[in-house]
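This report concerns only the one structure given below.
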Amino acid sequence: MTFNVSDLTALEILDSRARPTLAVTVRLADGATARAGVPSGASTGSREAVELRDGDKSRFGGGGVLTAVGFVNGEIADLLRGHPWNSLAEADQAMISLDGTPNKSRLGANALVGVSMALARALAASDGTPLWRWLTPPGVVPSLPVPHFNVLNGGVHAPNDLDFQEFMVAPLGAPSMAEAVRAGAEVYAALRRALGDRKLSTGLGDEGGFAPEVSEPEEVLHLLTEAIGDAGYRPGADGVSIALDLAASEFRQPDGRYLVAGDLLTSGDLIDRLAAITRDFPVHLIEDGLGEDDEDGWIALTGRLGSAVELVGDDIFCTNPAIISAAIDRGIGNASLIKVNQIGTVTETLEAMAVCRRAGYRQFVSHRSGETEDSFIADLAVGTGCGHLKSGAPARGERTAKYNRLLEIAAGFPLRYGMS
Ligand SMILES: O=C(O)[C@@H](CO)OP(=O)(O)O
Ligand SMILES: [Mg+2]
């Protein structure tokens, strides 16, 4: 179906960390109108598409995001209003060519991704189709993803001394999306009580999880396992399981070792530690268990744990189809994190997911630590039937927007819930 863009505008708005970002609005010639909010990460991979921000990302009206806004309102609007388009893929490709750099650094990946998401949403609206269905690739069966609630925050997302960035709970055994969300909320409440009982802080990190002064990852895992039980669930695959994002690039030292709770670990030591963690605790998924430059370590980790544990590449893959293909050939990990803004267009995101599907790699759709109320990724996870999504804690509007969208989709359509 061809379409014409009649209006395209962007605006500087605030994200969940009180930093500037973009909201993009598009109107098609048939009247369909849609808006998208652009997220932004803190623990970014070095090969991510480049966003235009202010130096420290923190100055509203400071210029970086306003430059991206100017490109949307100027060059990109001129391009897209110029003639009819046959598909989103064609429009995305034209924006990539207009940018002209390998990493979208001229116009800004934040400008491109906002336009791409808004266009996808407008095209779904003009088709009269829910966004998730519009995003479903041929031959793929949509399904409801297992929400991975990040209930305890460390790393660069929290002011505590915890080096591992994210401790998530995942209701793998829930019978439905509604029950999964309920389990997440109940474990979150039980964890708040457990922290309070120990006189630990219940202040929050960037993704809405608690950020107590605990530095040993195993101590957190004990707390979490206990909270799952206290909330009335069985810890493990038939109840509520645990997932980790170490974001290990952030604590890898210049000599290649990893600094965890004051101890310097070699790559091999950290792999041993992760093996022990998966033996002692109900952990089914580890994201960025090693740094993005530690490819040999990743291959060893995958050989050691890959048959039993989902090993997700985030910083090392950057949602980049070419990087993921090369990594698959080398036997790195068995799943990819999927962040739309990490690659910069919806079309390339879907390509990255297709590369994974063809190779039998899982795809784990993800928010960013800096978010807006936009719920695009909930539809993306449902439409691609990828089985799981992470959007932070079951608290705070920018996180619950995604979970609430999943509830809305689940209430309206008889889709299967679950990871496999
Ligand atoms: O590392 C991650 O997976 C993300 C999201 O949780 O964090 P950030 O957006 O800061 O990169
Ligand atoms: Mg990550």
Side-chain angles (χ1 to χ4, degrees), residues 15-19 21 37-51 53 56-58 109-110 113 145 147-159 162-170 204-209 211 217 243-252 274 285-292 294 298 310-320 323-324 327 332-333 335-344 349 352 362-372 374 376-378 380-381 386 388-396 398-399 401-403:
D15 74 10
S16 56
R17 273 194 285 243
R19 291 173 180 169
T21 189
V38 177
S40 176
S43 61
T44 48
S46 63
R47 291 181 290 178
E48 290 197 17
V50 174
E51 46 180 21
R53 301 265 162 183
D56 62 358
K57 296 188 175 186
S58 62
N110 45 348
V113 82
H148 282 51
F149 301 103
N150 180 11
V151 293
L152 206 139
N153 298 180
V156 297
H157 295 166
L162 183 60
D163 299 300
F164 289 13
Q165 180 178 281
E166 299 170 25
F167 292 78
M168 295 169 266
V169 292
L204 303 181
D206 285 359
E207 298 192 349
L244 302 174
D245 179 5
L246 273 63
S249 303
E250 298 292 334
F251 55 84
R252 192 164 193 227
L274 292 174
L285 180 154
I286 299 174
E287 178 187 330
D288 280 359
L290 295 169
E292 63 169 90
D294 191 358
W298 266 95
E310 181 170 328
L311 300 171
V312 183
D314 172 9
D315 289 355
I316 192 168
F317 292 167
C318 293
T319 318
N320 184 312
I323 297 175
I324 297 171
I332 292 176
S336 176
L337 204 71
I338 299 292
K339 292 165 163 169
V340 185
N341 83 320
Q342 209 171 29
I343 185 68
T349 304
R362 284 186 182 275
Q363 310 115 59
F364 188 19
V365 170
S366 171
H367 66 156
R368 298 307 305 245
S369 49
E371 268 292 339
T372 72
D374 191 294
F376 189 94
I377 58 167
L380 178 66
C386 69
H388 49 343
L389 163 124
K390 68 169 188 174
S391 175
R396 302 201 346 180
E398 80 280 6
R399 312 294 150 187
K402 285 69 163 172
Y403 299 130

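Each residue takes its place number in the sequence, starting with 1. Whatever order the structure lists them in is the order used to number ligands and atoms, beginning at 1.
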Applying a heavy-atom cut-off of 4.0 Å, say which part of Glu166 lies close to ligand 1: side chain, backbone, both or neither.
side chain

Any side-chain heavy-atom pair of Asp315 and Arg47 under 4.5 Å
no

Per-atom filter on ligand 1: closer than 4.0 angstrom to a heavy atom of Arg368 are 8 (P), 9 (O), 11 (O)

N or O contact, Ser369 vs ligand 1, cut-off under 3.5 Å:
yes

Would you tell me whether Gln363 and His388 have side-chain atoms, one donor and one acceptor, within less than 3.5 Å of each other?
no

Heavy-atom check, side chain of Asp245 versus side chain of Phe167, under 4.5 Å
no

For His367, the ligand 1 atoms with a heavy-atom partner under 4.0 Å come out as 5 (C), 6 (O)

No-hydrogen, no-angle side-chain donor-acceptor test under 3.5 Å, Arg17 and Ser369:
yes

Between Ser43 and His157, the two heavy atoms sitting closest are OG-NE2, 4.1 Å

Start with the C-alpha gap between Glu166 and His148, add the side-chain angles, then the distance that decides, and say whether side chain to side chain donor-acceptor pair (under 3.5 Å) holds.
CA-CA 10 Å; Glu166 299 170 25; His148 282 51; over 6 Å; no

Regarding Asp288, does it place an N, O or S atom less than 2.8 Å from the Mg ion (ligand 2)?
no

Picking from Lys339, Arg362, Lys390, what satisfies salt bridge (Lys or Arg N to Asp or Glu O under 4.0 Å) with Glu287?
Lys390

Which residue owns the protein heavy atom closest to atom 7 (O) of ligand 1, what's the atom, and how far is it?
His157 CE1, 3.2 Å

Going through the checks in order, is the side chain to side chain donor-acceptor pair (under 3.5 Å) test met by Thr372 and Glu398?
CA-CA 5 Å; Thr372 72; Glu398 80 280 6; over 6 Å; no

Closer than 2.8 Å to the Mg ion (ligand 2): does that hold for any N, O or S atom in Asp314?
yes

Students should be able to answer this: which protein heavy-atom is nearest to atom 1 (O) of ligand 1, and at what distance?
Gln165 NE2, 2.9 Å

One residue to check: Leu337. Relative to ligand 1, which of side chain, backbone, both or neither has a non-hydrogen atom less than 4.0 Å away?
side chain

Just distances here: any N/O of Ser43 and N/O of ligand 1 closer than 3.5 Å?
yes

Minimum heavy-atom separation for Ile332 and Ile316, please, with both atom names.
CG2-CD1, 4.0 Å

Does the N or O separation between Ala42 and ligand 1 drop below 3.5 Å for any pair?
yes

By atom name, which N, O or S atom belonging to Glu287 lies closest to the Mg ion (ligand 2)?
OE2

Heavy-atom distance under 4.5 Å between the side chains of Trp298 and Asp288, does that happen here?
yes

Check whether any side-chain N or O of Arg396 sits under 3.5 Å from a backbone N or O of Asp206 as a donor-acceptor pair, and report yes or no.
yes

Taking only non-hydrogen atoms of Asp314 and a 4.0 Å limit, the atoms of ligand 1 in range are 1 (O), 2 (C), 3 (O)

Nearest protein heavy-atom contact for atom 5 (C) of ligand 1: which residue, which atom, what distance?
Glu207 OE2, 3.2 Å

Between Asp245 and ligand 1, which part of the residue brings a heavy atom under 4.0 Å of the ligand: side chain, backbone, both or neither?
side chain

Can you pull out the closest protein heavy atom to atom 4 (C) of ligand 1? Residue, atom name and distance to 0.1 Å, please.
Lys339 NZ, 3.4 Å

Please determine if the Mg ion (ligand 2) has an N/O/S atom from Asp245 lying under 2.8 Å away.
yes

Taking distance alone, with N or O pairs closer than 3.5 Å, would you say Thr44 contacts ligand 1?
no

Report yes if some heavy atom in the side chain of Thr349 is under 4.5 Å from a heavy atom in the side chain of Ile338; otherwise report no.
yes

Heavy-atom nearest neighbour in the protein, as seen from atom 3 (O) of ligand 1, with distance rounded to 0.1 Å
Lys390 NZ, 2.6 Å

